[in-house]
Protein chains: 2
Amino acid sequence: MKKAKQTKLEAAGWVVGSVKDFLGLSEADAVLIEMKLALSRALRDRRKKYGFSQVQLAERLQSSQSRVAKMEAGDPSVSMELLVSALLLLGASSTDLANAIRRSEKSKGRHAA
Amino acid sequence: MKKAKQTKLEAAGWVVGSVKDFLGLSEADAVLIEMKLALSRALRDRRKKYGFSQVQLAERLQSSQSRVAKMEAGDPSVSMELLVSALLLLGASSTDLANAIRRSEKSKGRHAA
DNA sequence: TGACACTATGTCAGATATGACATAGTGTCA
DNA sequence: TGACACTATGTCATATCTGACATAGTGTCA
């Protein structure tokens with residue numbers, strides 16, 4: 001579901017609101033990125049909370065320092081699943097994750113008040 | 001962070017509670033699976049709410065009917081990211097996702113009350 | 001200044017996920 | 001019964017992700 005999205009969907013006659021309250025493609029992408037960034041921040045916070053270095057965390061995750069750095073940097077090569085797995089291994093609960101995701105919501109456009 | 005987890009971690013001297021309130025490896029896995037199942041259910045619900053067939057949804061996602069079926073079945077070949085992307089394209093908000101994830105939490109062991 | 005611990009960035013071989021296809025199963029309507 | 005729409009399952013080539021490595025950047029302490 002990655003490449004050639006826009007053109008194909010436009011060809012298929014996508015119109016914002018065709019079914020009502022569907023998001024445009026690019027907005028869904030933006031929301032996903034925001035969510036991943038929120039998880040990145042949560043990961044860094046949690047690591048620091050425990051006083052771990054990236055190297056130490058990498059050991060626990062059975063990963064590498066470079067990947068931990070990319071996770072925390074919101075690098076596009078890092079999947080949401082990896083971020084969530086890492087957070088869970090750092091003791092985060094479903095509720096913690098839910099909160100991080102909920103908080104990722106953009107404060108919206110403020111079109112009307 | 002997949003294979004050979006257990007043995008390596010055990011060799012590294014993993015003990016539940018070594019840092020306190022860390023989850024055991026297998027529990028983190030279980031939680032992740034629960035979360036993905038919750039998202040699967042949310043996807044099916046949302047698709048049905050809009051009266052779409054799997055084929056119709058696949059078109060919107062630029063995917064295929066078979067993959068939609070696997071998504072809804074909680075097939076291990078489906079990533080969390082794919083589930084979330086699909087939900088977002090069906091108009092789910094960050095809050096919706098957060099709720100689904102929060103609800104995925106197991107009702108715990110009831111060890112003490 | 002240098003030495004050190006920590007973090008960031010680029011690359012790549014191997015592992016995993018993906019869309020697509022075929023095909024089978026299920027339910028409904030006539 | 002058959003025809004049809006929908007869903008499930010298996011497979012596969014290709015796309016994407018991952019851990020690992022090298023190396024560069026940053027901060028701190030002496």
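Every chain is numbered from 1, with letters handed out A, B, ... down the list of sequences.
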Could you check A:T95 against B:E105 for side chain to side chain donor-acceptor pair (under 3.5 Å), going step by step and ending with a plain yes or no? CA-CA 8 Å; A:T95 303; B:E105 193 140 28; 2.8 Å; yes

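- In this structure, the side chain of A:K36 engages the main chain of A:V78 through a donor-acceptor pair within 3.5 Å.
- A 4.5 Å side-chain heavy-atom check between A:L57 and A:Q54 finds every atom pair outside the cut-off.
- One can place CG of A:L57 at 13 Å from C1' of C:dT7, the figure rounded to the nearest angstrom.
- If you measure from atom CG of B:L82 to atom P of D:dA15, you get 17 Å, rounded to the nearest angstrom.
- Listed by residue number, the members of residues 64-72 of chain B with any heavy atom below 4.0 angstrom from DNA chain C are B:S64, B:S66, B:R67.
- Contact annotation: the side chain of B:S79 approaches that of A:E81 to within less than 4.5 Å [non-hydrogen atoms, C-beta and beyond].
- One can place CD of A:Q62 at 15 Å from P of C:dA15, the figure rounded to the nearest angstrom.
- Looking only at distances, no side-chain donor or acceptor of B:D29 sits under 3.5 Å from a matching main-chain atom of B:S26.
- The CE-P distance, from A:M80 to C:dA17, rounds to 15 Å in whole Å.
- A donor-acceptor pair under 3.5 Å is absent between the side-chain atoms of A:D45 and the main chain of A:A42, judged by distance alone.
- Rounding to the nearest 0.5 angstrom, the gap separating the CE atom in A:M80 from the CG atom in B:L82 is 12.0 Å.
- Separating the CZ atom of B:R47 from the P atom of D:dA8 is a distance of 8 Å, rounded to the nearest angstrom.
- Applying the 4.0 Å criterion to OP1 and OP2 of C:dT18, one finds that B:S79 has a side-chain N or O inside that range.
- Both A:Q54 and B:V78 sit near DNA chain C, but only A:Q54 has its closest nucleotide nearer the 5' end.
- Put simply, CD on B:E81 is 10 Å from C1' on D:dT16, counting in whole angstrom units.
- For the pair A:D75 CG and C:dA8 P, the computed distance is 11 Å after rounding to whole Å.
- Looking at heavy atoms from C-beta onward, B:E72 lies out of side-chain contact with B:R41 at the 4.5 angstrom threshold.
- Note on B:R44: a side-chain N or O is less than 4.0 Å away from OP1 or OP2 of D:dA8.
- Helical stems involving DNA chain D, defined as 3 or more consecutive Watson-Crick or G-U pairs under 3.5 Å, span C:1-30 with D:1-30.
- Proximity of B:Q65 to B:K70: side-chain heavy atoms (C-beta onward) are nowhere separated by under 4.5 Å.
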